[in-house]
Amino acid sequence: MPLRLATWNINSVRLRAPIVLDLLSRHGPDILCLQETKSPVEKIPAEVFQAAGYTHMVARGQKGYNGVAILSRVPLEDAGHRDFCERGDARHVAARLEDGTLIHNFYVPAGGDEPDREKNIKFGHKLDFLSEMRDWFHGEAPKRSILVGDLNIAPREDDVWSHKALLKVVSHTPVEVEQLATVQDSGNWVDITRKDIPEGQLYSWWSYRAKDWDAADKGRRLDHIWATPDIASAAGASHIARDVRGWEKPSDHAPVFATFDL
DNA sequence: ATGGTTGTTCCACAA
């Protein structure tokens, strides 16, 4: 059975419930992982998604910031979460499918503006979060696992509109790119999007601040789908739905898709 | 070098 999976930083699930429904009806993923829901779990309009066939939800939330949720039309169970950096932030949740496949949904800290942990504690928090991910996966040796989310790092030169212009911009600095590589190595994670689309510019986020995001096209690939090697070969059909960035009242992120023949 | 936009909450802050 092919499993169609999507990840999308929704930037308020309550405000954007209508376009979540549009995405579900037009693209019909089996599982949709959301980040920046910005809502306590009990205030997520789960009944609206249930009515559309997405009868399962695993989520963590808090008031105003962060928040992650997994909506599914196939059965899955809550597989817990980890409180990275012990701040009580809702930035990770995991779910297990009936066949045992584990799905991690992450919202990595954005890291502020200044890429220097001495001057900017948010950047330090981002690096510490990534170190904890690395150490955790190093100990876990994940199997049959999928990791998705807004990792807030665009690792490759062709994951940003200008490598040179962004070398000192948080999300594409060498220290972050190296740190993300250590996370990837620690779990033997395969970048599924780039396995399927190895060549060319690829973005999943465009700032709200650009006056014409589509024409300027100053994007970054911040949203990722990874998998462990035992199921990476079963993955395909990767796609970033760029057009969604142009919908009514859009998120600044576009959803990323992949299919797994599990 | 600067300012540009959006969302939530409370009278800023985070992205």
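Naming: A, B, ... by sequence-line order, numbering from 1 per chain.
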Residues A:Asp191, A:Arg221: salt bridge by 4.0 Å N-O rule:
yes
Residues in salt bridge (Lys or Arg N to Asp or Glu O under 4.0 Å) with A:Asp113, at least two apart?
none
Rounded P spacing from B:dT5 to B:dC11 in Å
24 Å
Which atom pairs, one a donor and one an acceptor, fall under 3.5 Å between side chains of residues 63-75 of chain A and the rest of the protein, sequence neighbours left out?
{"unit_1": "A:Asn66", "atom_1": "OD1", "unit_2": "A:Arg91", "atom_2": "NH2", "d": "3.2"}
{"unit_1": "A:Asn66", "atom_1": "ND2", "unit_2": "A:Gln62", "atom_2": "OE1", "d": "3.2"}
{"unit_1": "A:Ser72", "atom_1": "OG", "unit_2": "A:Val74", "atom_2": "N", "d": "2.9"}
{"unit_1": "A:Ser72", "atom_1": "OG", "unit_2": "A:Val74", "atom_2": "O", "d": "2.5"}
{"unit_1": "A:Arg73", "atom_1": "NE", "unit_2": "A:Asp30", "atom_2": "OD1", "d": "3.3"}
{"unit_1": "A:Arg73", "atom_1": "NH2", "unit_2": "A:Gly28", "atom_2": "O", "d": "2.8"}

Given the C1' atoms of B:dT2 and B:dG7, what is the spacing between them in whole Å?
23 Å
Near DNA chain B, which residues from residues 117-128 of chain A have a heavy atom under 4.0 Å away?
A:Lys122
Should A:Arg16 be listed as having a side-chain N or O under 4.0 Å from OP1 or OP2 of B:dT6?
no
Contacts under 3.5 angstrom, residues 251-262 of chain A side chains, donor-acceptor by atom type, not counting sequence neighbours:
{"unit_1": "A:Ser251", "atom_1": "OG", "unit_2": "A:Asn9", "atom_2": "O", "d": "2.6"}
{"unit_1": "A:Ser251", "atom_1": "OG", "unit_2": "A:His253", "atom_2": "N", "d": "3.0"}
{"unit_1": "A:Asp252", "atom_1": "OD2", "unit_2": "A:Trp205", "atom_2": "NE1", "d": "3.2"}
{"unit_1": "A:His253", "atom_1": "ND1", "unit_2": "A:Asp223", "atom_2": "OD1", "d": "3.3"}
{"unit_1": "A:His253", "atom_1": "ND1", "unit_2": "A:Asp223", "atom_2": "OD2", "d": "2.8"}
{"unit_1": "A:Thr259", "atom_1": "OG1", "unit_2": "A:Arg4", "atom_2": "NH1", "d": "2.6"}

Would you give me the side-chain donor-acceptor pairs under 3.5 Å for residues 38-53 of chain A, sequence neighbours excluded?
{"unit_1": "A:Lys38", "atom_1": "NZ", "unit_2": "A:Asn11", "atom_2": "OD1", "d": "2.8"}
{"unit_1": "A:Ser39", "atom_1": "OG", "unit_2": "A:Arg14", "atom_2": "NE", "d": "3.2"}

How is A:Arg220 classified with respect to the nucleic acid when contacts are heavy atoms under 4.0 Å: base, sugar-phosphate, or nothing?
nothing
Between A:Glu114 and A:Lys122, does any NZ, NE, NH1 or NH2 come within less than 4.0 Å of an OD or OE carboxylate oxygen?
no
Among residues at least two apart in sequence or on other chains, which ones pass side chain to side chain contact (heavy atoms under 4.5 Å, CB included) with A:Pro198?
none
Under 4.0 angstrom, heavy atoms only, what part of the nucleic acid is A:Lys249 near: base, sugar-phosphate, or nothing?
sugar-phosphate
Members sharing A:Phe84's hydrophobic cluster (side chains within less than 4.5 Å):
A:Phe106, A:Val108, A:Phe129, A:Leu130, A:Met133, A:Trp136, A:Phe137, A:Leu147, A:Leu151, A:Ile153, A:Val177, A:Leu180, A:Val183, A:Trp189, A:Trp226
Donor-acceptor pairs are to be reported for all side-chain atoms of residues 139-146 of chain A against protein atoms at under 3.5 Å, with residues two or more places apart or in another chain.
{"unit_1": "A:Lys143", "atom_1": "NZ", "unit_2": "A:Ala141", "atom_2": "O", "d": "3.4"}
{"unit_1": "A:Arg144", "atom_1": "NE", "unit_2": "A:Thr101", "atom_2": "OG1", "d": "3.1"}
{"unit_1": "A:Arg144", "atom_1": "NH2", "unit_2": "A:Asp99", "atom_2": "OD2", "d": "2.9"}
{"unit_1": "A:Ser145", "atom_1": "OG", "unit_2": "A:Lys143", "atom_2": "O", "d": "2.7"}

In whole Å, what separates the C1' atom of B:dA14 from that of B:dC10?
14 Å
Measure all distances between protein nitrogen or oxygen atoms and nitrogen or oxygen atoms of nucleotides 9-12 of chain B, and list the pairs falling under 3.5 Å.
none

With rounding to whole Å, what would you report as the distance between B:dA12 and B:dA1 at their C1' atoms?
24 Å
Within residues 204-212 of chain A, residues whose heavy atoms come under 4.0 Å of DNA chain B
A:Tyr208, A:Arg209
For A:Arg220, side chain to side chain donor-acceptor pair (under 3.5 Å) partners two or more places apart
A:Ser171
Under the rule for salt bridge (Lys or Arg N to Asp or Glu O under 4.0 Å), what residues qualify as partners of A:Arg209, not counting sequence neighbours?
none
Pick the P atom in B:dT9 and in B:dG3, then give their distance to the nearest Å.
28 Å
